[in-house]
Amino acid sequence: MRVPLSWLREYVDLPATETGRDVQAKLISAGLEVETVEQLGADLKGPLVVGQVLTIEELEGFKKPIRFCTVDVGQANGTGEPQEIVCGARNFAVGDKVVVVLPGATLPGGFSIAARKTYGKTSHGMICSTDELGMGDDGTHGIIVLPPETEVGQDAVELLQLVDEVLDIAVTANRGDCLSIRGVARETAIAYGLPLRDPALLDVPAPNAFGYPVQVAEPVGCDRFTARTVTGLSPEARSPIWLRRRLQKVGMRPISLAVDVTNYVMMELGQPLHAYDRNLVQGTIGVRRAEEGEKLVTLDGTERKLHSEDLVITDERGPIGLAGVMGGANTEIADHDDTGNGVDASTDVVIEAAHFDAVSIARTARRHKLSSEASRRFERGVDPRAAAAAAQRTVDLLVLLAGGTAEAGVTEVVAPTAPRTVTIPADHPDRVAGVDYGRATVVRRLQEIGCDVQGQDELLVTVPSWRPDLTEANDLAEEVIRLEGYENLPSTLPKPPSGRGLTHRQRLHRRVGRALAGAGYVEAPNYPFLGEQVFDQLGLESGDPARRVVKLVNPLNDEEPALRTTLLPGLLGALRRNDGRGSHDLALFETGLVFQPGRSSAPACTCPSTAARPTRRSRR
């Protein structure tokens with residue numbers, strides 16, 4: 001998760017002197033893995049200004065198209081005269097507002113700008129692209145064309161927010177809440193002891209009967225579905241610079257206004273959203289499991305054969321989206337750039353903000369080999385109570401930026417669930433950490449992460465909706481310990497109880513291993529997984545008991561979904577690999593577990609007879 005420091009400051013009043021490195025140290029102390037702090041624009045030096053193209057002269061006689069331009073940069077060049085610039089790009093025209101770097105400036109990467117003669121003309125500066133300014137991917141890789149209302153001569157460094165610090169956080173599987181600016185801001189506020197301005201605290205209208213019709217047939221897979229409708233979006237509306245830049249800083253490519261807004265809100269609140277072209281959706285929106293044989297063309301243009309366990313979004317025609325993973329192409333939002341192909345830009349949209357089962361989404365994403373920003377968040381846990389706020393935030397931005405009208409109808413389908421509670425002795429964190437925190441500290445730390453705490457010696461803790469990983473007393477103890485600082489834990493040696501030595505089976509295993517090693521064999525442990533085709537290779541009869549295997553529901557390798565009933569396949573595989581690499585003098589053995597249906601795991605040993613050792617020439 002990439003977190004721009006400028007965005008983080010909107011929700012936490014960090015001291016002005018705090019740098020990205022300072023915030024990194026605080027968050028690491030609180031248990032987050034902040035891998036790097038990227039310094040954007042650290043080596044950028046102006047003047048970098050907004051200019052307006054006055055004239056363009058096409059230069060002939062060169063291997064590639066070259067243009068000689070005059071650009072109005074206001075008083076930024078000290079004279080007010082047009083700036084003469086040679087440029088090879090062709091995605092701008094006379095009258096366009098562009099970004100101009102003047103002589104004396106330095107671009108990212110230490111590239112110094114000076115007046116120089118090229119293609120028979122003297123170029124006094126450069127018209128810049130996103131690549132040259134290190135802005136990230138915007139899908140064009142061409143000259144930056146600014147909105148017409150941009151003021152000529154304005155400082156482009158500030159306009160394009162080119163100077164910033166971005167924290168790159170490796171979010172662990174249990175902390176899905178930190179896959180959002182909101183979640184990281186909460187952790188930052190706790191670390192600094194500052195208040196949090198929660199962006200999810202919005203006034204949301206109550207659900208009513210006038211919203212877009214939604215029917216959820218699978219409440220276990222989808223326990224919350226919010227739908228809002230915005231009409232009359234301007235086909236000409238474009239994502240503003242600040243929105244595009246924030247998406248670029250977090251590593252996303254701007255696409256179109258409606259899509260950019262949903263991506264922005266997802267990054268801000270952690271709630272994935274999807275926008276449907278209302279004119280392309282036919283009838284009621286539904287949520288159900290897919291039927292065998294159904295197909296869906298997703299937004300990446302791939303036709304996917306659906307599995308009966310896949311959760312899908314539907315209309316009266318069938319699937320229109322792979323729930324929690326990716327939308328379908330048949331209801332895709334169209335930008336106005338598509339109108340040249342006869343497709344009208346989308347002006348009416350239906351916003352989906354739903355909460356899906358984490359396991360179901362993870363399996364669907366893996367089954368279709370389709371990981372997305374949305375599926376990453378659902379797999380790790382999304383705050384179900386943020387759906388309505390995220391939908392409202394999306395509606396507000398579309399109305400503000402595209403001149404749309406929010407319909408009064410609000411649809412919210414909710415499967416009732418009780419708040420999750422955990423009972424914990426007040427001194428449990430003390431006993432786990434070996435530190436005397438005291439009840440007051442325990443209660444304060446749990447309240448800081450959003451828990452409601454009741455009781456004295458025995459605490460009844462109501463876990464916040466954004467922390468699905470807090471399920472037992474040890475989870476709560478860990479929260480107290482990490483916020484108090486792992487570095488403050490004393491170093492103590494454990495005191496194990498006196499044991500009775502090795503069991504008979506353990507002693508037998510060790511004796512067998514020592515005997516084989518002494519006889520010249522090398523132990524070769526193997527993974528306990530296999531594919532059933534190895535039994536054919538071993539020549540086992542169809543009714544052989546070894547063919548009765550235990551299959552894994554979620555195997556690491558789809559080609560090896562079963563647990564071994566014999567050690568021979570692993571040993572023979574090791575023999576084959578070593579022999580193929582030139583190691584012909586081999587004597588291998590393995591001790592390990594085999595697995596049989598309906599029986600306990602049994603130890604086994606597979607090795608050739610040790611009665612006669614192989615010669616050095618024939619040992620295998």
Side-chain angles (χ1 to χ4, degrees), residues 4 6 38-57 65-116 118-119 121-164 166 238-249 252-255 257 260 337:
S6 59
E38 184 179 353
Q39 307 288 333
L40 299 183
D43 52 355
L44 177 64
K45 176 184 175 184
L48 188 73
V49 299
V50 176
Q52 184 172 24
V53 180
L54 301 177
T55 65
I56 298 177
E57 177 188 351
I66 298 297
R67 310 168 99 185
F68 181 64
C69 311
T70 59
V71 185
D72 178 15
V73 294
Q75 297 299 317
N77 57 5
T79 65
E81 296 295 322
Q83 201 79 1
E84 297 180 338
I85 298 175
V86 175
C87 183
R90 308 190 65 79
N91 68 310
F92 64 95
V94 171
D96 282 346
K97 303 288 181 65
V98 294
V99 178
V100 179
V101 58
L102 301 177
T106 303
L107 293 181
F111 182 58
S112 299
I113 303 299
R116 65 188 184 97
T118 180
Y119 298 103
K121 301 285 186 178
T122 300
S123 182
H124 299 273
M126 193 167 74
I127 301 175
C128 297
S129 69
T130 56
D131 291 339
E132 290 157 345
L133 296 180
M135 293 174 58
D137 186 12
D138 68 346
T140 62
H141 302 285
I143 293 301
I144 302 169
V145 178
L146 300 170
E149 63 273 14
T150 310
E151 181 183 352
V152 171
Q154 183 178 354
D155 181 10
V157 175
E158 181 179 353
L159 175 69
L160 299 177
Q161 304 173 23
L162 297 178
V163 178
D164 204 347
V166 180
R238 288 290 171 271
S239 300
I241 292 174
W242 64 266
L243 177 57
R244 297 171 65 89
R245 286 296 294 134
R246 284 193 167 175
L247 289 178
Q248 288 173 330
K249 288 178 184 180
M252 300 195 75
R253 180 169 63 88
I255 298 174
L257 178 58
D260 291 348
D337 289 339

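Bear in mind that the values here come from a model prediction, so they are computed numbers and not experimental data.
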Output all residues satisfying side-chain contact (heavy atoms from CB on, under 4.5 Å) with Arg90, sequence neighbours left out; order by chain, then residue number.
Glu58, Pro65, Arg67
Heavy-atom nearest pair, Leu159 first then Gln154, reads CD1-NE2, 3.7 Å
Hey, what do you get for OG (Ser239) to CZ (Arg245), rounding to the nearest 0.5 Å?
13.5 Å
Would you mind telling me which of Leu48, Val73, Val53, Val50 makes a side-chain contact (heavy atoms from CB on, under 4.5 Å) with Val100?
Val73
Taking C-beta and beyond as the side chain, do Gln248 and Pro254 meet within less than 4.5 Å on heavy atoms?
yes
Mind listing the closest non-hydrogen atom pair of Lys121 and Val86 along with its distance?
CB-CG2, 3.8 Å
Which residue pairs satisfy the side-chain hydrogen bond (donor to acceptor under 3.5 Å, both in side chains) criterion with at least one member in residues 96-114, sequence neighbours excluded?
none
Let me confirm one number: the SG-CE distance from Cys128 to Met135, rounded to the nearest 0.5 Å.
10.0 Å
Identify the heavy atoms of Gly134 and Pro108 that sit nearest to each other, and give their distance.
N-CG, 4.5 Å
Side-chain donor or acceptor of Asp164 paired with backbone N/O of Pro4 under 3.5 Å
no
For the residue pair Ala89 and Ile143, what are the closest heavy atoms and their distance?
CB-CG1, 3.3 Å
For the pair Gln83 and Asn77, evaluate side-chain hydrogen bond (donor to acceptor under 3.5 Å, both in side chains) and give the outcome as yes or no after the intermediate values.
CA-CA 8 Å; Gln83 201 79 1; Asn77 57 5; 2.8 Å; yes
Straight-line distance of Ile144 CD1 to Ser129 OG, nearest 0.5 Å
6.5 Å
Determine whether Val157 and Val163 satisfy the following criterion, side-chain contact (heavy atoms from CB on, under 4.5 Å), listing intermediate values before the conclusion.
CA-CA 7 Å; Val157 175; Val163 178; 3.8 Å; yes
From Leu54 atom CG to Glu84 atom CD, the distance as rounded to the nearest 0.5 Å
11.0 Å
Positive for side-chain contact (heavy atoms from CB on, under 4.5 Å) with Val99, one of Thr150, Ile127, Leu133
Leu133
Just by distance, do the side chain of Asp72 and the backbone of Gln52 share a donor-acceptor pair under 3.5 Å?
no
State the CD1-CG distance between Ile241 and Leu160, to the nearest 0.5 angstrom.
5.5 Å
Less than 4.5 Å apart, any side-chain heavy atom of Leu40 and any of Lys249?
yes
State, without any angle test, whether Thr118 and Ser123 hold a side-chain donor-acceptor pair at a distance under 3.5 Å.
no
Heavy-atom closest contact (Asp43 atom, Gly110 atom, distance)
OD2-N, 3.6 Å
Please indicate whether Glu158 has more than 12 foreign heavy atoms, meaning atoms of other residues, nucleotides or ligands, lying under 6.0 Å from its CD.
no
Interatomic distance, Arg244 atom CZ to Arg253 atom CZ [nearest 0.5 angstrom]:
10.0 Å
Do Val71 and Thr55 have side chains that get closer than 4.5 Å, going by heavy atoms?
no
Within the 4.5 Å heavy-atom criterion, are Phe92 and Cys87 side-chain neighbours or not?
yes
Is the closest side-chain heavy-atom distance between Thr122 and His124 below 4.5 Å?
yes
Heavy-atom closest pair, residues Ala156 and Leu162
O-CD1, 4.2 Å
Could you tell me whether the side chain of Asn91 and the main chain of Gly142 form a donor-acceptor pair under 3.5 Å?
no
